Chemist: 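Structure below; questions to follow.
Keep in mind it's a predicted model, so treat the numbers as computed, not measured. Note: hydrogens, waters and symmetry copies are ignored here, and every other heavy atom, side chains too, is used. When a residue number appears, it is its place in the shown sequence, counting from 1. Read the numbers this way: they start at 1 and go in the same order the structure lists the ligands and their atoms.
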Amino acid sequence: MSLQLSPAAEPGKYGLVIHGGAGTYSREREKEYLDGLNAALDAGYAVLDQGGTSVEAVVAAVKSLEDNPTFNAGCGAVLNSEGFCELDSAVMDGQTLAAGAVAGVQHIRNPITLAVDVMKRSPHVLLAGEGAEHFAFGLGYEKMPREYFITPRRKEQWERERAKKSGASRGNIAGEEKFWGTVGCVALDRQGNLAAGTSTGGLTNKMLGRVGDSPLIGAGTYANNATCAVSATGQGEFFIRTVATHDIAARIAYRGASLSTATAEVIAEVEKLGGTGGVIAINRAGEIAMPYNTDAMCRAYRLSDGQRATQVFADRSHSK
Ligand code: ASP
């Protein structure tokens, strides 16, 4: 059996792909999503353009989405069963396979930054809850009040969800958004290195202490220069059970699958179990893929060869 290698790096080619979650979106709010995606895309691209690393680009793009109340990460994250936000995030460096992640943090404005600090400044990969925050405050992070993260829209969504659960309201409300607006970014830098990062508030009304796929390396986030960088969004339990992002890399490494085949196959595996969502991926050749099985996925890419697009609806399986 010959070992299949991923497409060789194209010298100098760089770029990134971002997502802002998958699900059913309100058409009226499309512009808001597009504007948020474009701002994050440009923030990440500027880093790459100036010769920054893929990890730095991922952080810039994800931070922009975390600070934007439209998306389910940082400020504007969804609320758990107790009515406050518990945030998960991870980052992975495809060159060194170093990784860092945090789960269930409640007072950190940019969990992606803390994930990078876990990667670079702790001997561990994943810190959870109080311990993660203790580490952050020791590094000088500001303690944000829980209210900073809670927006009126998320409060309403949470109340609707709870009313549905208690049987007070049935069926779908017209134009209601159902989505798992996690944010993520995968990037290829000028040096040919890949990175991936993901950040989320998880699922609306999730149980206290529930951790999703986003901070789990190989489930919601994975990067390896030998194969690809991937960030997932969707019903995290299914992406954990299929070890989705690592499975994509494994199909490429062991079977020589293309990026578009590997990503589409793994979304099909998620679907087989009854799960919904999508992934974004990039490899060292600058090929990208963004398949999903929901109605829509907030996604955008920009590559140094001039290709650029930002989309919410249409075209479920997309590779370049
Ligand atoms: N995958 C995330 C989770 O399950 C949710 C999302 O993608 O919005 O925590």
Chemist: Given Leu87, Thr182, Asn72, which one has a non-hydrogen atom that is nearest to atom 5 (C) of ligand 1?
Modeler: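 Ranked by closest heavy atom to atom 5 (C) of ligand 1, first place is Thr182.
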Chemist: Can you name the closest pair of heavy atoms from Val17 and Tyr301 and give their distance?
Modeler: CG2-CB, 4.0 Å
Chemist: Tell me, please: is Gly21 in heavy-atom contact with ligand 1, that is, under 4.0 Å?
Modeler: no
Chemist: Is the shortest N/O to N/O distance between Ala232 and ligand 1 below 3.5 Å?
Modeler: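 In this structure, Ala232 places no N or O atom under 3.5 Å from an N or O of ligand 1.
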Chemist: So do the side chains of Leu114 and Tyr141 get within less than 4.5 Å of each other, counting heavy atoms only?
Modeler: yes
Chemist: Counting both backbone and side chain atoms, is some N or O of Asp88 under 3.5 Å from an N or O of ligand 1?
Modeler: no
Chemist: As an exercise, identify every atom of ligand 1 less than 4.0 angstrom from a heavy atom of Gly212.
Modeler: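 This gives 9 (O) as the contact atoms.
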Chemist: Between Gly236 and ligand 1, does any nitrogen or oxygen pair lie at a separation below 3.5 Å?
Modeler: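 Yes: some nitrogen or oxygen of Gly236 is under 3.5 Å from one in ligand 1.
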Chemist: Quick one: which ligand 1 atoms are inside 4.0 Å of a heavy atom on Thr233?
Modeler: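 In order of numbering, the contacting atoms are 6 (C), 7 (O), 8 (O).
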Chemist: Say whether Arg210 and ligand 1 are in contact under the criterion: heavy-atom distance to a ligand atom below 4.0 Å.
Modeler: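 Yes, that is the case, since the closest heavy atom of the residue is under 4.0 Å from the ligand.
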Chemist: Measure from atom 3 (C) of ligand 1 to every heavy atom in Thr200, Leu216, Asp213, Ile240 and give the option owning the shortest one.
Modeler: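 Answer by nearest heavy atom: Asp213.
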Chemist: Considering only NZ, NE, NH1 and NH2 on the basic side and carboxylate oxygens on the acidic side, decide whether Glu66 and Lys63 come within less than 4.0 Å.
Modeler: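 Salt bridge between Glu66 and Lys63, a charged N being under 4.0 Å from a carboxylate O: no.
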Chemist: By salt bridge (Lys or Arg N to Asp or Glu O under 4.0 Å), which residues pair with Asp117, not counting sequence neighbours?
Modeler: Arg121
Chemist: Which residue in the set Gln157, Arg162, Arg210, Glu161 passes side chain to side chain donor-acceptor pair (under 3.5 Å) when paired with Asn205?
Modeler: Arg162
Chemist: Return yes or no for this condition: an N or O of Gln235 is under 3.5 Å from an N or O of ligand 1.
Modeler: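 Gln235 vs ligand 1: no N/O contact under 3.5 Å.
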Chemist: Could you tell me whether the side chain of Thr204 reaches within less than 4.5 Å of the side chain of Arg154, counting heavy atoms only?
Modeler: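 With C-beta onward as the side chain, the pair stays apart.
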Chemist: Which residues pass the salt bridge (Lys or Arg N to Asp or Glu O under 4.0 Å) test with Glu30, not counting sequence neighbours?
Modeler: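 In terms of salt bridge (Lys or Arg N to Asp or Glu O under 4.0 Å), with neighbours along the sequence ignored, Glu30 is linked to no residue.
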